[in-house]
Amino acid sequence: MTSESPLITLTTDFGTADSYVAQMKGILLGIQPQARLVDVTHEIPPQDVLRAALMLPELIEAFPKGTYHLIVVDPGVGTSRKILAAEINDQRFIAPDNGLLDPLLKRYPKSTLYELTNSKYWRESVCSTFHGRDIMAPAIANWSRGVSLQDLGSELNSIVELDLPQPQVTDSQVIGTILYVDHFGNLVSNIRREHLKSFEKRTADPLIRLERDGSLRFIDSGISQTYADPLPGHGLILWGSSGYLEVALHGGDAARKMKSKPGETLSLDWRTVHERI
């Protein structure tokens, strides 16, 4: 499927202080002048592959079929790592093979996966430190003009997998990990609703604890519905829009106030007080 004015999104860790993003846009528009470019973000923390990878499922749910997504968070640029082109759920992605596409491909296993190998669709001169501009941008622009995926490269059967920690689920507890801190200071964990499915019939609220190295950062019971449920300045637990359980602060920055960061433990405990002792 091609479009006369294809939608191409850009997600990078480049920031906006330098010309890197503009250079990629210049290459894109030079090849596909009808493209509609959407900046998802260029504020991924530098080289934070995990943060970018967790964002991609949000994109595939928000953008229409036929959208092209260019993701450049590439700490291995210039090395032997591959560059991927994939059709996932009727959307197209180009990204380095460093785990970025792993969560998407696990969610949508019936996907088509290729490695970019045909330099005919790259810039004539390729800089070893800027494959986003010299390989990925021209490749996705040509793809959006109707060049087939098969012409861009060769088919792959596997990719680099992301080392994403999984929650521990027992008969009375769910123990997760804080994955990242968002722009508002909310602490986003790896706990999703399906991890709590076996506890749906429990009538009592769980005791929820945020800890680091045995030091308690926050404690609560029950899951709130909105960020404004408690009094201003009070912490809370709720399901964020990305589907993960979050620790937040009404009207403030939870990470700053609680002096918390990724890697901390978030646990939900349905045991009685006597059992926890």
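Bear in mind the structure is a predicted one, so any value in this text is a computation, not a measurement.
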Going by atom type alone, with no hydrogens or angles, which donor-acceptor pairs under 3.5 Å involve a side-chain atom of residues 243-250 and a protein atom two or more places apart or on another chain?
from, atom 1, to, atom 2, distance (Å)
Glu246, OE1, Tyr227, OH, 2.9
His250, ND1, Pro230, O, 2.6

Spacing of Arg217 atom CZ and Asp213 atom CG [to the nearest 0.5 Å]
8.5 Å
Mind jotting down which residue pairs meet the ring-ring contact (aromatic ring centres under 6.0 Å, His included) criterion with at least one end in residues 91-128? Sequence neighbours excluded, please.
His69-Phe93
Relative to the ring of Trp270, is the ring of Phe199 parallel (under 30°), tilted (30 to 60°) or perpendicular (over 60°)?
parallel
Mind checking whether Tyr20 and Thr12 have side chains closer than 4.5 Å, heavy atoms only?
no
For Asp18, does the CG atom sit with more than 12 other heavy atoms under 6.0 Å from it, leaving out its own atoms?
yes
Identified side-chain contact (heavy atoms from CB on, under 4.5 Å) partner of Ile71 from the options Leu59, Thr11, Leu10, Thr9:
Thr11
Any chance you could measure Arg123, atom CZ, to His131, atom NE2, to the nearest 0.5 Å?
12.0 Å
What about Ile27 and Ile83, same hydrophobic cluster or not, with Ile/Leu/Val/Met/Phe/Trp/Tyr joined at side-chain heavy-atom distances under 4.5 Å?
no
Where Ile208 and Gly222 come nearest, the two heavy atoms and their spacing
CD1-O, 3.5 Å
Is Thr16 close to Glu43 at the side-chain level, that is, under 4.5 Å between some pair of heavy atoms?
yes
Taking distance alone, no hydrogens or angles, what donor-acceptor pairs closer than 3.5 Å link side-chain atoms of residues 252-261 to residues at least two apart or in another chain?
from, atom 1, to, atom 2, distance (Å)
Asp253, OD1, Ala255, N, 3.1
Asp253, OD1, Arg256, N, 2.9
Lys257, NZ, Gly233, O, 2.8
Ser260, OG, Met258, O, 3.3
Ser260, OG, Glu264, OE1, 3.0

Taking every heavy atom of Asn118 against every heavy atom of Asp151, the minimum-distance pair comes out as ND2-O, 2.8 Å
Gln91 side, atom CD; Ile60 side, atom CD1 - distance, nearest 0.5 Å
4.5 Å
Which heavy-atom pair separates Arg145 from Ile31 by the least distance, and what is that distance?
CD-O, 3.0 Å
Is there a side-chain contact between Pro75 and Asn98 (heavy atoms, below 4.5 Å)?
yes
